[in-house]
Amino acid sequence: MDLKTNITPPPSMEKIGSKSTLSNSAFLAEIRYFFKMNKLAFLGFIIIVTLILLALLAPLIIPYPNDVALETHVENKLQPPSADHWFGTDELGRDLFSRVIYGTRVSFQIGLIAIGLAVLIGIPLGLIAGYFGRWVDEVIMRISDVFLSFPPLLLSIAIAALLGPSLTNLMIAISISWWPWYTRLIRGQVVSLRERGFVEAAQAMGVPSWKVIARHILPNSMAPVIVQISMDFGSIILTAASLSFLGLGAQPPLPEWGLLINIGRNFFLTNWWYVTFPGLFIFISVMAFNLFGDGLRDYLDPKTRDS
Amino acid sequence: MIRFLIRRILLGIFVLFGVSLITFLIARVIPSEPAARWIGPRATAEQIAAAKVELGLNQPLFMQYINYIKGLFTGDWGVSITSHQPVLKELLIFLPSSLEIILGGMLIALIVGIPLGVLTAVYKETWIDHLSRGISIGGVSIPAFWLAMILQLIFYQYLGWFPLGERVSTETALLYPIETITGSNLIDSAVQGNWVYFSDALNHSILPMLTMAAFPLGVVTRMTRSSMLEVVGEEYMRVTKAFGFSSGVRTFKYALKNAMGPTITSLGLTFAYALTTTFLIESVFTWPGLGLYTSNAILSSDYPVIMGVTIFVTAAYLIVNLLVDITLAILDPRIKVNVE
């Protein structure tokens, strides 16, 4: 679930920031405790790991690697699931199992690049706003406020629609609508770090600003960002699939899940498998990240920690 | 209260300016030729030049933006490239049918979600709790467009209970016509006492409403559960127990009332989400609303429509959020104290 209602990191998030001071075994013990307390989060984690393995190994696993691209076998078109074709075949006779599994790789790639871009825009701006304060802070934060006041998904759709349909534009559109969340998160971290002794010491010794930011502030504010990324990833996958479903993102013959469903629309009433399997994969991936993210949020929020 | 309102409204106006600037810039920066699209495929150079003057594209960017803003305030939201109709007029025509399924979906979400949330909070860590947590996470994770098709597969193709799409069947529309008053078929037919039309329209709207209900259902269940858990832990709830009130009274009269705030807030937020969800599902149900209008505009790169919809939906989002905050301030005296 990602309504972004509760974006300010709970105070205990800072705990993670100081994780590096914990010994490795204590860290592992904490992870074990986390999963023991949150069985659903553990389930989510297992699914995520499985999906990542599928994404990485897709070219080796899939039974019909050529079906990922334009190869066609019209004589086999729209066959129901069978031993040869676990998820059936599409209107060109391509193996849907191969295409859906390969789609995992596509979706995770899109997600990684989009969120990477968002972080690349968001973090520097957050660092600048938090470190320099005053009018710089004011300008950056008001701009990000404007971006944040778009309903989620709408801004991505609008940008992608105005830029034109392509995979690159899809990733740009998603990152443009996501960066302010990271700017806000990092800024909050920086504002609290700025007053800390080690930062003031570095400033007093005449270390230039950029070096203070790069050496002392950035490394200490990364942990909440990583937590946030793991929570956002599900929404990003869903957004990307939604845009592709609208015809805005991936283009054929790329086996992107949303695009598969978009094409499958024309056939699904008489060929149920066509949209069922790609949709199930979107559903399971988004749910896995939400389960994991929810568990993480509960764990980090002292109010719900014991509930 | 007044100061709070003024501040929120000013902030909203600032944000809307920002939103209009962002959409305007994106639409103008794109190296496309709106003037050529306006004329059509076989435009001559002179025709394009004339269209540029007509559309104001020959003026400097800043002046174009000023004109655009002026238009937004005076109701001139541009003209659709495909239909050549004013965008605002079309938006308002398509809005009621979308509102119908959005509000229907939210109603289902409330009716099912609040009791479910209360049950999970009361029976924490039992199978009821696990089931409804599953429902709530599932509801927010399921791709709406996929859910729409799965519902069509089950309830139209296999069971034959509900129609595939559209708002009303052609026969009913021809044999039992209704006058358009509000634009919502359900309300219009009910007001005119045309129950044949009403039941047909209701039948058509069940699947879209169920699809729209999934996300708010997840949110409402989850918010009710977590705020109930929080409230149950409060001191005054222990006092009610000490006074010997029954658990039903304690749950519904004392706990639920105070736990409703976050649920209302989250429902307000899901409204905007629902508006964008219509973009995805109305084309599946061929439901002629804002969403179908938008997804068609996306397919034909109808920029004025896309810009208009973006601003319209964002404005709706801001207004709904403002209304939610005001409602909360009225309902919950603690908030009022903080504001003043």
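These numbers come from the heavy atoms of this one structure, side chains and all, not from hydrogens, waters or symmetry mates. Numbers restart at 1 for each chain; the letters A, B, ... are given by sequence-line order, proteins then strands.
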### Partner chain A: residue of B/Gly134, B/Ala297, B/Gly138 with the largest heavy-atom pair count (under 4.5 Å)
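Counting heavy-atom pairs under 4.5 Å, the top option is B/Gly138.
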### Task
Heavy-atom pairs under 4.5 Å with chain A are the metric here; pick the option from B/Met149, B/His130, B/Met307, B/Gln152 that has the most.
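With the most close heavy-atom pairs to chain A, the winner is B/Met149.
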### Task
Measure from the side-chain N and O atoms of B/Trp146 to the backbone N and O of A/Val275, and report whether any donor-acceptor pair falls under 3.5 Å.
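Indeed, once roles are kept as given, a pair shorter than 3.5 Å links the two residues.
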Might you confirm whether atom [atom1] of [X] has over 12 heavy atoms from other residues, nucleotides or ligands at distances under 6.0 Å?
{"X": "B/Phe271", "atom1": "CZ", "result": "yes"}
{"X": "B/Tyr156", "atom1": "OH", "result": "no"}
{"X": "B/Tyr123", "atom1": "OH", "result": "no"}
{"X": "B/Phe162", "atom1": "CZ", "result": "yes"}

With a 4.5 angstrom heavy-atom cut-off, which part of [X] approaches chain B: side chain, backbone, both or neither?
{"X": "A/Leu246", "value": "both"}
{"X": "A/Phe268", "value": "both"}
{"X": "A/Leu248", "value": "side chain"}
{"X": "A/Leu269", "value": "both"}
{"X": "A/Ile176", "value": "neither"}

Do [X] and [Y] have side-chain heavy atoms sitting under 4.5 Å apart?
{"X": "B/Phe14", "Y": "A/Val146", "result": "yes"}
{"X": "B/Ile22", "Y": "A/Ile159", "result": "no"}
{"X": "A/Phe147", "Y": "B/Val19", "result": "no"}

Measuring from atom [atom1] of [X] to atom [atom2] of [Y], what distance do you get when rounded to the nearest 0.5 angstrom?
{"X": "A/Ile157", "Y": "B/Thr294", "atom1": "CD1", "atom2": "OG1", "result": "8.5 Å"}
{"X": "B/Thr276", "Y": "A/Leu154", "atom1": "OG1", "atom2": "CG", "result": "6.0 Å"}
{"X": "A/Leu40", "Y": "B/Ile137", "atom1": "CG", "atom2": "CD1", "result": "6.5 Å"}
{"X": "A/Ile143", "Y": "B/Leu21", "atom1": "CD1", "atom2": "CG", "result": "9.5 Å"}
{"X": "A/Phe245", "Y": "B/Ile281", "atom1": "CZ", "atom2": "CD1", "result": "10.0 Å"}

Checking heavy atoms, do the side chain of [X], its backbone, both or neither come under 4.5 Å from chain A?
{"X": "B/Leu164", "result": "side chain"}
{"X": "B/Ile142", "result": "both"}
{"X": "B/Phe279", "result": "both"}

### Step-by-step side-chain contact (heavy atoms from CB on, under 4.5 Å) determination, B/Val15 to A/Leu148
CA-CA 9 Å; B/Val15 165; A/Leu148 291 177; over 6 Å; no
Do you know which two heavy atoms are closest between [X] and [Y], and how far apart they sit?
{"X": "B/Ser141", "Y": "A/Asn290", "answer": "OG-ND2, 2.9 Å"}
{"X": "B/Leu280", "Y": "A/Ser242", "answer": "CD2-O, 3.6 Å"}
{"X": "B/Thr314", "Y": "A/Ser149", "answer": "CG2-O, 3.6 Å"}
{"X": "A/Arg265", "Y": "B/Ser283", "answer": "NH2-OG, 3.0 Å"}
{"X": "B/Pro143", "Y": "A/Gly279", "answer": "CG-O, 4.3 Å"}
{"X": "A/Ala161", "Y": "B/Ile306", "answer": "CB-CD1, 3.6 Å"}

### Query
Any Lys/Arg nitrogen of B/Arg133 or A/Asp294 sitting under 4.0 Å from an Asp/Glu carboxylate oxygen of the other?
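No.
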### Pick from A/Asn262, A/Ile261, A/Ile284 with the largest number of heavy-atom pairs that fall under 4.5 Å of chain B
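Option with the greatest count: A/Ile261.
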### Query
Top residue by heavy-atom pair count (under 4.5 Å) with chain B, among A/Leu291, A/Ile237, A/Thr270?
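The candidate making the most pairs under 4.5 Å is A/Leu291.
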### Task
Mind running side-chain contact (heavy atoms from CB on, under 4.5 Å) on B/Phe145 and A/Ile282 for me, showing each step along the way?
CA-CA 11 Å; B/Phe145 50 93; A/Ile282 304 177; 4.3 Å; yes
#### Entry: B/Gln157 and A/Trp272: CA distance, side-chain angles, deciding distance, side-chain contact (heavy atoms from CB on, under 4.5 Å) verdict
CA-CA 10 Å; B/Gln157 185 72 9; A/Trp272 61 269; over 6 Å; no
